[in-house]
Amino acid sequence: MAPVMMTDADVLIRLARTIEARRGADPESSHTAKLLAKGPAKCAEKFGEEAVEAIIEAVRGDALALRREAADSLYHLLVMLAAAEMPFGAVLAELELREGTSGVDEKASRHRGTVIERALSPEAIARCLALRVEVFIAEQGVSAADEQDGLDGAAEHWIVHRGPRTLGCARVRLLEDPADGTAYAKIQRVAVAQAGRGTGLGARLMTAIMDDLAKRGLEARLDSQVEAVAFYERLRFVAEGPEFMDAGIAHQHMRWRP
């Protein structure tokens, strides 16, 4: 039997973006727009129908039919997510969080231990600042002057912790675009401790912040280190403009709209 050639896994991300781009289009010119216009319940019903058809083909053993029905099911799953306003990046973040963990352990740990929340107390904010020193200054060689810019007092802070152990942090500054006065949130100083890397905590932290901003109707902007651009793209951030240097590290402007 000839080996199956694997396609680019990013095809699902591209498909999710295409579906999102069809939102609000003329239903007569776009099948996706027609589905989205019917609302979450109908999109969920259609996904259920396609999933059942894939199950039938799996039982029958028709490989070609199963491949086609599976593709239809994935498409309608993404349409259902879009109709329910669930970012595909949030689903990917959930998968990343579970990566490398057995199903039994993952289910047992979903509601135990790790907390992601706004850092409201002076002690919690101090823990965030300490982690930033560890990650940005000690590990990445950023100068103390660049990292500690005097803007923390006017920012919102987020912390990821497991008991007394700080695993991640970020800060959010609420600003206005000087061009048109539009309010937006600037996400900065996103850091994950070594013990939390590779576990999906960074994605989970960003998802929590984005959910909070969406409730307030705020778009988000950030300056990503170039090596982290793909991570933010999975969360539906879009790169804008040319790369630039900040604190001796190549960065990219990125934007997300809820």
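Computed from a predicted structure; not experimentally measured.
Counting only heavy atoms from C-beta outward, the side chains of Gln140 and Gln225 approach each other to under 4.5 Å. With contacts defined as side-chain heavy-atom distances shorter than 4.5 Å, the pair Met206/Phe231 qualifies. Considering only heavy atoms from C-beta on, Arg221 stays 4.5 Å or farther from Glu240 through its side chain. Using a 4.5 Å heavy-atom cutoff, the side chains of Leu167 and Thr199 are not in contact. Side-chain contact check for Ile19 versus Tyr75: some heavy-atom pair is nearer than 4.5 Å. In this structure, Phe47 and Val79 have side chains that are not in contact, with every pair of non-hydrogen atoms separated by 4.5 Å or more. Side-chain contact check for Leu35 versus Lys42: every heavy-atom pair is 4.5 Å or farther apart. The shortest distance between side-chain heavy atoms of Leu218 and Leu174 falls below 4.5 Å.
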Considering only distance and modelled atom types, tabulate donor-acceptor pairs under 3.5 Å from the side chains of residues 48-58, sequence neighbours left out.
residue	atom	partner	partner atom	Å
Glu50	OE2	Lys46	NZ	3.3
Glu57	OE1	Arg60	NH1	3.0
Glu57	OE2	Arg60	NH1	3.0

Ignoring hydrogens and angles, write down the donor-acceptor pairs under 3.5 Å from the side chains of residues 208-216, residues two or more places apart or on other chains.
residue	atom	partner	partner atom	Å
Asp212	OD2	Arg216	NE	3.4
Asp212	OD2	Arg216	NH2	2.6
Arg216	NH1	Glu156	OE2	3.0
Arg216	NH2	Glu156	OE1	2.9

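In this structure, CZ on Arg189 lies 5.0 Å from CD on Glu147, to the nearest 0.5 angstrom. The structure places OG of Ser224 at 11.0 Å from CD1 of Ile187, a figure rounded to the nearest 0.5 Å. In this structure, NE2 in His161 is found 12.0 Å from CG in Leu201, a value given to the nearest 0.5 Å.
Remark: Arg197 CZ is packed, more than 12 non-hydrogen atoms of other residues, nucleotides or ligands lying under 6.0 Å away. Counting non-hydrogen atoms of other residues, nucleotides and ligands closer than 6.0 Å to CD of Glu227 gives a total of 12 or fewer. The 12-atom threshold is exceeded at CZ of Arg23, counting heavy atoms of other residues, nucleotides or ligands nearer than 6.0 Å. Within 6.0 Å of the NZ atom in Lys186, the count of heavy atoms belonging to other residues, nucleotides or ligands exceeds 12.
Taking all atoms of both residues into account, the shortest heavy-atom contact from Val192 to Gly202 is CG2-CA, 3.8 Å. Considering every non-hydrogen atom in both Arg22 and Ala33, the closest pair reads O-CB, 3.5 Å. Smallest separation of non-hydrogen atoms from Trp256 and Arg236: CD1-O, 3.6 Å. Nearest approach of Met80 to Cys43, heavy atoms of both residues: CA-CB, 4.0 Å. Closest of all the heavy-atom pairs between Leu12 and Leu78 is O-CD1, 3.8 Å. Residues Gln252 and Pro242 share a closest heavy-atom pair of NE2-O, 4.0 Å.
The aromatic rings of Tyr232 and Phe237 sit perpendicular, their planes meeting at an angle over 60°, well past the 30° parallel limit.
Partners of Ser143 according to the side chain to side chain contact (heavy atoms under 4.5 Å, CB included) rule, which considers only residues two or more places apart in sequence or in another chain, are Ala145, Asp146. Judged as a side chain to side chain contact (heavy atoms under 4.5 Å, CB included), and not counting sequence neighbours, the contacts of Cys128 are Ala119, Ile159, Cys169. With sequence neighbours left out, the side chain to side chain contact (heavy atoms under 4.5 Å, CB included) criterion links Val238 to no other residue.
With respect to Arg17 and Glu20, no salt bridge is recorded, no charged nitrogen being found less than 4.0 Å from a carboxylate O.
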ask   = After noting the C-alpha distance and the side-chain angles of Ile13 and Glu233, does the key distance pass the side chain to side chain contact (heavy atoms under 4.5 Å, CB included) rule?
value = CA-CA 9 Å; Ile13 296 175; Glu233 286 182 331; over 6 Å; no

task = Under the side chain to side chain contact (heavy atoms under 4.5 Å, CB included) rule, what do Arg132 and Arg171 come out as? Steps first, then yes or no, please.
result = CA-CA 10 Å; Arg132 284 163 41 183; Arg171 82 176 184 190; 3.9 Å; yes

task = Start with the C-alpha gap between Gln148 and Ile137, add the side-chain angles, then the distance that decides, and say whether side chain to side chain contact (heavy atoms under 4.5 Å, CB included) holds.
result = CA-CA 10 Å; Gln148 300 167 0; Ile137 297 178; 4.0 Å; yes

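Residue Phe244 shares its hydrophobic cluster (ILVMFWY side chains chained together at separations under 4.5 Å) with no other residue.
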